[in-house]
Amino acid sequence: MPRQMIGAGGHGPNSTAFERPRSSASVLKRLWTYLYRYKWLLFSAMGLSLASNVLALYGPKLSGNAIDAIRPGAGAVDFDTVFYYAGLMIVFYIISSALSYVLASIMVHLARNVVYSLRKDVYERLMGLPVSFYDSHQAGDIISVLSYDIDTVSASLSNDLVQMLGSVITVAGSFFMMLSISPRLILVFLVTIPASILFTRYRSKKVRPLYKKRSEELGRLNGFAEEMTGGLRTIKAYGRKEYFRGLFEGYNINACRANYEADAFASSTGPTVNFINNVSLALVSFFGAMLYMGGSISLGNVSSFVLYSRKFSGPINEFSNIISELQSALAAAERVFRLLDEPLEAADKEGAGELEDVAGEIELRDVHFGYEAGSHEVLKGFSLDVKPGQVAAIVGPTGAGKTTVINLLMRFYDPQSGSIRIDGREIGELKRQDLRRAWSMVLQDTWLFTGTVYENLAYGKEGVGLEEVRRAAKAAHIDGFINSLPNGYDTVLRDGGSGISKGQRQLLTIARAMLLDAPMLILDEATSNVDTRTEQRIQAAMLKLMEGRTCIVIAHRLSTIRNADIIAVLRDGRIAEQGTHDELIRKGGYYCELYKAQFDTAGA
């Protein structure tokens with residue numbers, strides 16, 4: 001399948017996923033739907049936050065009452081009253097702290113559940129996206145969304161949401177308590193609070209794009225690192241370490257610069273808002289003292305008002321810091337939701353038929369296809385007929401469109417025009433699942449997952465036993481190698497089978513394909529990593545196992561397809577020549593030139 005972004009320089013306009021902008025309100029609304037799935041945890045957290053903060057809000061009032069128990073003059077202190085209010089303060093603060101601890105535990109559980117749901121939905125979405133999505137987006141960028149961005153959302157939910165709930169309750173409660181003590185002193189905040197709000201709002205609008213850029217740069221860095229670690233042997237073999245170190249340095253600098261710009265800009269908000277709040281505290285202290293001297297307010301109430309003003313302004317200052325972190329979480333959530341909104345692979349047509357009792361007749365008629373609308377056509381009127389049980393080989397120069405034919409047969413893509421039929425039925429009218437189950441595939445790029453050898457061979461066929469797996473392995477000439485492993489078929493392969501040779505990995509994937517009962521088989525350079533002697537044995541075993549099955553072979557090594565029933569030479573998106581090996585050699589055309597060139601090279 002064609003990758004539109006491979007290698008260090010392949011980060012085109014589509015390489016960083018998900019460019020459609022969204023408003024903060026729409027992202028928060030979407031995030032609320034996940035929170036509401038666990039509404040009992042959420043409502044419990046709200047109730048605990050309300051109770052904890054209300055209890056804490058009584059502290060300054062009780063402190064003022066204790067101060068008012070002090071009378072002017074020596075020894076005029078009502079200690080019973082002071083101890084009573086001080087004791088109540090201690091009890092209230094202890095209960096408030098205990099409730100805050102329970103609240104933090106609940107929020108950790110809530111964040112964990114939301115993150116679990118997000119990751120589950122993202123993974124299921126990834127499984128339903130078309131192949132074209134993966135052809136135009138880097139794996140590292142996708143992984144960055146699945147891990148880093150969702151973790152950022154989790155951290156915000158478990159920490160920032162609790163602080164925001166507490167801040168709202170504390171600010172509202174402090175305001176009403178101050179209003180009950182002295183409405184005139186409240187006037188101080190008519191200047192300072194709007195200044196704090198306007199400044200915080202202005203900075204939050206500026207900082208969110210910076211956090212968005214930080215996530216994107218990190219995604220590019222991850223994508224580059226993922227590509228380079230996968231090709232590390234090639235980099236070392238070609239002595240290009242310094243070149244790719246320089247490329248990595250560029251991506252690393254961009255990511256660090258984006259992170260610095262976002263954090264530096266965000267961190268400057270808190271000190272400014274804190275300064276404004278300190279100004280308000282100074283004004284409250286000054287005017288409170290004036291009112292006390294005028295007999296309009298008691299000393300205890302002045303003290304309580306000052307404490308409430310701290311509680312009132314403190315959360316506003318904290319909120320300015322939370323806003324910065326929230327903007328980071330919103331930028332991360334935006335990328336997550338963009339991925340969740342990527343269009344799924346087109347659904348099967350209504351009334352799509354099932355594909356059963358497949359004979360394996362394949363027809364391609366005047367197929368035109370390009371990977372992007374209006375772009376260069378890869379196939380230009382491609383036509384091919386393959387009868388049931390025939391082996392059809394497609395050959396041609398690199399970029400001629402051979403693998404594209406496979407993409408269309410599997411319906412990873414749909415042609416712009418033309419017809420593709422299986423057993424006389426248009427594949428667009430069939431269920432994709434049935435169509436793809438009718439094929440087994442062996443590709444040039446082997447894919448093995450972390451698991452036992454047995455699991456890797458049997459994963460495509462449910463309920464298969466060990467003996468059947470052994471027969472397939474023997475037919476692929478890999479059984480002896482498997483038995484030589486420390487635990488035989490129970491040996492665990494890791495990192496895509498990095499501990500075994502490419503040829504052995506290819507043989508395992510061939511055995512996997514042999515194990516399936518699919519009536520049609522695709523071999524895309526299936527023997528490219530196998531030595532000539534093993535290749536000949538595999539070809540003989542393949543021909544025996546493929547009796548009665550239709551096989552499409554993509555090959556550069558023409559010696560592997562001499563016995564094919566049909567050889568189609570693909571040039572410039574069209575069939576240039578078609579026939580058996582002997583017929584094409586007699587024609588003396590392009591195929592003959594290719595064959596002789598390979599034969600002469602081999603002879604040399």
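All residue numbers refer to positions in the sequence shown, counting from 1.
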Carefully, step by step, assess Arg338 and Glu334 under the rule salt bridge (charged side-chain N to carboxylate O under 4.0 Å, His left out).
-> CA-CA 6 Å; Arg338 282 174 183 162; Glu334 183 179 356; 2.3 Å; yes
Could you go through the side-chain hydrogen bond (donor to acceptor under 3.5 Å, both in side chains) check for Asn53 and Thr170 one step at a time?
-> CA-CA 6 Å; Asn53 284 279; Thr170 300; 3.0 Å; yes
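From Ile106, atom CD1 reaches atom CG of Leu99 across 9.5 Å, with rounding to the nearest 0.5 Å. A distance of 7.5 Å separates OG1 of Thr491 from CG of Leu493, quoted to the nearest 0.5 Å. Here the CG atom belonging to Leu457 is positioned 9.5 Å from the OG1 atom belonging to Thr509, to the nearest 0.5 angstrom. Taking OH of Tyr36 as the start and CG of Leu42 as the end, the distance is 9.5 Å to the nearest 0.5 Å. Atom CG of Leu55 sits about 9.5 Å away from atom CG of Leu50, to the nearest 0.5 Å. Rounding to the nearest 0.5 Å gives a distance of 12.5 Å between CG of Asn259 and CG of Asn254.
Not a single donor-acceptor pair under 3.5 Å links the side chain of Thr452 to the backbone N or O of Asp490.
A salt bridge is defined here as a Lys NZ or Arg NE, NH1 or NH2 lying under 4.0 Å from an Asp or Glu carboxylate O, and Lys431 with Asp348 fails to meet this definition. Using a cutoff of 4.0 Å between basic side-chain nitrogens and carboxylate oxygens, Glu345 and Arg125 are not scored as salt-bridged. By the 4.0 Å N-to-carboxylate-O rule, Glu249 lies too far from Arg245 to be salt-bridged with it. A salt bridge links Arg119 to Asp151: at least one charged side-chain nitrogen sits closer than 4.0 Å to a carboxylate oxygen. Using a 4.0 Å cut-off between a side-chain N of Lys or Arg and a carboxylate O of Asp or Glu, Glu217 and Arg220 qualify as a salt bridge.
Remark: Tyr34 engages Asp121 in a side-chain hydrogen bond (donor to acceptor under 3.5 Å, both in side chains) (not counting sequence neighbours). Scanning for side-chain hydrogen bond (donor to acceptor under 3.5 Å, both in side chains) contacts around Ser117 gives Tyr38, with sequence neighbours left out. Applying the salt bridge (Lys or Arg N to Asp or Glu O under 4.0 Å) criterion to Glu124, with sequence neighbours excluded, gives Lys120.
For the residue pair Tyr489/Asn456, the side-chain donor-acceptor check at 3.5 Å is not satisfied.
Looking at Phe412 and Asp135, their side chains never come closer than 4.5 Å, going by heavy atoms from C-beta outward.
The aromatic rings of Phe43 and Trp40 lie perpendicular to each other, with more than 60° between the two planes, well past the 30° mark.
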